[in-house]
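Have a look at the structure below, then the notes.
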Amino acid sequence: MSVWLPSAPCSVQVCVDARDSGVAAVKAAARFAAVVALVLAGVLVSQAGLRVPAGIVRGWCRWTVRASGVRVRISGAAPSTGGLLLVANHVSWLDIPLLGAVRPARMLAKSDIRRWPVAGALVARGGVLFIERDRIRALPETVARIAEALRGGAAVVAFPEGSTWCGRAQGPFRRAVFQAALDAGVPVQPVRVRYRFAEGGASTTPAYVGDDSLLASVWRVVSARGVLAEAEVRPVIGPGGHPDRRALAAAAQTAVTDMDAVVPHLWGEHGSSWPDRGLAAGDHPRPTAGAQLRPPATGDRPRSAIPASLV
């Protein structure tokens with residue numbers, strides 16, 4: 001992995017709170033089977049080349065999240081039609097169907113997925129835009145392809161952090177994907193993604209971070225109780241409101257940052273640590289201004305998220 005690729009200090013050992021687990025194994029297995037069935041149904045429809053109304057796609061995405069045992073709450077104004085860049089903070093694999101419930105869109109995914117047996121071909125047929133994260137020279141071509149899709153009236157979803165974070169911390173937004181929105185002259189729609197306990201307080205159970213496997217993450221989610229997924233559609237950022245991609249990225253990140261949930265993270269043996277692990281969940285101190293993360297050695301960096309975004 002190239003050293004410039006984005007990564008997060010979050011880890012399962014330190015960041016993920018499983019205190020809300022407690023669903024019986026039979027019920028968890030039924031949820032798991034329901035998620036798999038819904039995903040396979042979506043794959044079959046995609047393979048058949050059928051044009052499915054946006055409303056049905058949104059319902060399918062919502063029910064994919066709901067089937068895992070996680071309730072869904074979407075707030076804010078409905079995203080506009082036409083070319084639109086949707087950007088959000090990245091916490092979990094659940095983010096993908098959650099944003100699909102906001103507005104169906106083309107996803108960005110790292111190019112490695114295209115080479116996966118069977119799955120690569122299926123994903124490609126679904127309209128995914130592939131990016132080569134480890135080839136910085138390919139970045140202009142990738143930006144041009146995204147801009148072309150946006151000009152054609154498509155919505156494109158990007159996670160500009162480039163990696164998943166646990167939800168109690170967020171990474172800086174990488175700027176390149178915002179150049180595509182500027183080039184295409186389309187608005188940017190920030191969406192704030194949060195996972196909470198039904199009784200209140202942030203939940204890190206859905207977080208897909210560090211060396212976590214997808215199977216382990218899915219099982220942890222379907223075994224949990226009382227988790228709520230929130231997608232808050234923030235005010236749209238119109239084209240022409242910001243002079244360059246740096247300013248546009250900063251505006252989008254400000255819109256999605258949830259300061260009430262953020263806790264300072266420091267790099268450690270298992271990826272990251274919180275300043276005081278003795279505090280109860282939901283009672284962690286607010287970060288001080290300018291708090292910095294200490295990066296690990298190159299060989300210790302956690303893997304980046306899938307699908308990923310641009311630097």
Side-chain angles (χ1 to χ4, degrees), residues 38-39 41-42 45-46 50-68 70-109 126-129 146-161 167 170 173 177-178 180-196 198 206 227-242 248-258 260-261 307 309:
L38 283 166
V39 171
V45 170
S46 175
L50 301 176
R51 295 185 63 85
V52 182
I56 294 178
V57 176
R58 285 195 295 268
W60 174 80
C61 289
R62 179 185 285 268
W63 275 106
T64 298
V65 179
R66 191 68 189 92
S68 70
V70 176
R71 291 191 294 167
V72 178
R73 178 184 297 160
I74 298 174
S75 60
S80 61
T81 58
L84 183 71
L85 178 66
L86 286 93
V87 296
N89 55 302
H90 203 8
V91 179
S92 172
W93 52 271
L94 283 170
D95 301 348
I96 300 167
L98 183 60
L99 289 180
V102 173
R103 180 180 168 183
R106 299 181 68 176
M107 301 293 302
L108 301 184
V128 168
L129 294 166
I146 298 171
E148 181 180 3
L150 293 170
R151 289 191 196 97
V156 176
V157 167
F159 300 108
E161 290 164 300
Q170 292 182 13
F173 272 17
V177 70
F178 294 95
L182 290 172
D183 293 346
V186 302
V188 173
Q189 177 65 76
V191 180
R192 179 184 293 167
V193 171
R194 292 181 292 197
Y195 296 93
R196 298 182 177 276
V227 178
L228 172 67
E230 296 183 339
E232 182 182 352
V233 182
R234 306 290 291 163
V236 68
I237 303 174
H242 297 275
L248 186 55
Q253 176 146 32
T254 298
V256 306
T257 300
D258 182 8
D260 290 333
S309 191

> Side chain of R58, backbone of R103: donor and acceptor closer than 3.5 Å?
Replying inline: no
> For the side chain of Q189 and the backbone of R234, is there at least one donor-acceptor N/O pair under 3.5 Å apart?
Replying inline: yes
>> Rounded to the nearest 0.5 Å, what separates atom CE in M107 from atom CG in L86?
In response: 9.5 Å
> Can you find a heavy atom in the side chain of V186 that is under 4.5 Å from one in the side chain of L84?
Replying inline: no
>> Can you confirm whether H242 sits close enough to V188 that some side-chain heavy atom of one is under 4.5 Å from a side-chain heavy atom of the other?
In response: no
> With a 4.5 Å heavy-atom cut-off, do R151 and D183 have their side chains touching?
Replying inline: yes
> Within a strict 4.5 Å, meaning less than it, do heavy atoms of the F173 and V256 side chains meet?
Replying inline: yes
>> If I compare all heavy atoms of A155 with all of P104, which pair ends up nearest, and what's the gap?
In response: CB-O, 3.9 Å
> If you measure from CZ on R196 to CG on L228, what distance do you get to the nearest 0.5 Å?
Replying inline: 8.5 Å
> Can you check whether H90's main-chain N or O pairs, donor with acceptor, with E161's side chain at less than 3.5 Å?
Replying inline: yes
> For L94 and Y195, what are the C-alpha separation, side-chain angles and deciding distance, and is it a side-chain contact (heavy atoms from CB on, under 4.5 Å)?
Replying inline: CA-CA 10 Å; L94 283 170; Y195 296 93; 3.3 Å; yes
>> I need the minimum non-hydrogen distance between P190 and P235, along with the two atoms involved.
In response: CD-O, 3.5 Å
> How many angstroms lie between atom CG of L38 and atom CZ of R66, to the nearest 0.5 angstrom?
Replying inline: 12.5 Å
> Where is the tightest heavy-atom contact between C61 and P97, given as atom of each residue plus distance?
Replying inline: CB-O, 3.1 Å
>> Tell me whether S92 contacts the main-chain N or O of P206 through its side chain, where contact means a donor paired with an acceptor under 3.5 Å.
In response: yes
> Any idea which heavy atoms bring V65 and S68 closest together, and the distance?
Replying inline: O-OG, 2.5 Å
> If you take all heavy atoms of L108 and V128, which pair is closest and at what distance?
Replying inline: C-CG1, 4.5 Å
> Taking all atoms of both residues into account, what is the closest heavy-atom pair of L150 and V156, and its distance?
Replying inline: CD2-CG2, 3.8 Å
>> I need the E230 CD to I74 CD1 distance, nearest 0.5 Å.
In response: 11.0 Å
>> Is any side-chain heavy atom of V91 closer than 4.5 Å to one of F159?
In response: no
